[in-house]
Every structure is written in C-alpha cells, then in structure tokens.
K.L.:
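Could you have a look at this structure, given as structure tokens, before my questions?
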Amino acid sequence: MPLTAILGDRRIRKRLRPEYLEACRFFLSPLIDRTKTLECGIDFEILDALDDFSQTNKNFGEICAERAGFIIRKAARENKKIQILWSGGIDSTLALVSLFKELEKSKEISCLEVLLSRESIEEYASFFADIIK
C-alpha cells in the first residue's frame, strides 16, 4: 500500500505517533525512516535498505569517494550523464565535490551536469565562481 494511502486511512492514522504526524505536516510529505530507528507507530518493511557502514575501517572521505565511484560506474554502464542538483548547501556540495574528484581522476568530468538555481549560487557564491562556473 502506498505511503500516501496509509496516511489517508483513518484506522491506520490513529495508530501513528503524534510526533510522526507532526513531522509529516512540517515537511509536507509522508516520511519513512529507512534506518528503522524512529518509532512511527506502524510496522513497515524497507524495500530499499541503506548500506551498512557501521562496521568499516574507512574514513568519511573514503566512503564518499567509494560512493561517487559507484555512481560513476553505474552511469557509464548505463551510458547516462550524471546530474546533480546543487543547492549551495553543505550536503549537495559534499556530493558534488566527491563526484568531481572521482571524475577528474578519469578525465570524464564532461559527463557531470550540475543543476542549480539563482538561490544556489547566492548560498555559496565563491564555490560557484571558483569550481562550478
């Protein structure tokens, strides 16, 4: 059953924790905790589990590089460009830098397409001017 249908079902909605419902209202979207650490009030099954990095000797930079490499290899196999939506914030900048560093090694930077807005540029103007532009 789709999550929107679950939220619309009055019987199920009564079982949901108030904190979960407030978070859904705040984000204007049904939320799913793929880590299964938050209690929402109903049981659900994760169909697309997160990778388990809890037992690794790799540092954060190595994990980012590994993930970027995975994305690059998948795009190459599927003969697709890599599009990244850059908001100018720390998360999208980290993802962009990780992809850029890995693509630079293979001289395949042309397969990267950065999607952004005027607000993205204003958020981190120096990064846009020095790196993206």
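Fair warning: this is a prediction, and the values are worked out from it, not measured in the lab.
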K.L.:
Are Ile131 and Leu96 close enough that some pair of their side-chain heavy atoms sits under 4.5 Å apart?
P.N.:
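Not in contact.
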K.L.:
Could you tell me whether a side-chain N or O of Ser120 sits under 3.5 Å from a main-chain N or O of Ser117, the two making a donor and an acceptor?
P.N.:
yes
K.L.:
Just one of Ile84, Leu99, Leu85 clears the side-chain contact (heavy atoms from CB on, under 4.5 Å) bar with Val114, so which one?
P.N.:
Ile84
K.L.:
With a sphere of 6.0 Å drawn around CG of Asp130, does it hold more than 12 non-hydrogen atoms of other residues, nucleotides or ligands?
P.N.:
yes
K.L.:
Quick check on Lys14: does its NZ atom have over 12 non-hydrogen neighbours (other residues, nucleotides or ligands) under 6.0 Å away?
P.N.:
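Counting other residues, nucleotides and ligands, NZ of Lys14 stays at 12 neighbours or fewer.
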K.L.:
Heavy atoms, side chains only, cut-off 4.5 Å: are Glu62 and Asn57 in contact?
P.N.:
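Glu62 vs Asn57: side chains apart.
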K.L.:
Does the Lys81 side chain pair with the main chain of Ser110, one donor and one acceptor, at a distance under 3.5 Å?
P.N.:
yes
K.L.:
Is it true that a side-chain atom of Arg67 and a backbone atom of Ile63 form a donor plus acceptor pair closer than 3.5 Å?
P.N.:
no
K.L.:
Identify whether Ile109 and Phe128 are in the same connected component of the hydrophobic contact network (ILVMFWY, side-chain heavy atoms under 4.5 Å).
P.N.:
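The answer is yes; both residues are in one hydrophobic cluster.
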K.L.:
May I ask you to test the Lys105-Lys101 pair for a side-chain heavy-atom distance under 4.5 Å?
P.N.:
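A side-chain contact under 4.5 Å is absent here.
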K.L.:
Could you pull out the closest heavy-atom pair between Tyr124 and Trp86, with the gap in Å?
P.N.:
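Taking Tyr124 first and Trp86 second, the nearest heavy atoms are O-CH2, 3.6 Å.
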K.L.:
For the residue pair Ala68 and Ser98, what are the closest heavy atoms and their distance?
P.N.:
CB-O, 3.5 Å
K.L.:
To check you understand the geometry: which heavy-atom pair defines the closest contact between Glu123 and Gly88, and what is its length?
P.N.:
CG-O, 3.1 Å
K.L.:
Tell me whether Ile71 shares a hydrophobic cluster with Leu94, the cluster being built from Ile, Leu, Val, Met, Phe, Trp, Tyr side chains joined at under 4.5 Å.
P.N.:
no
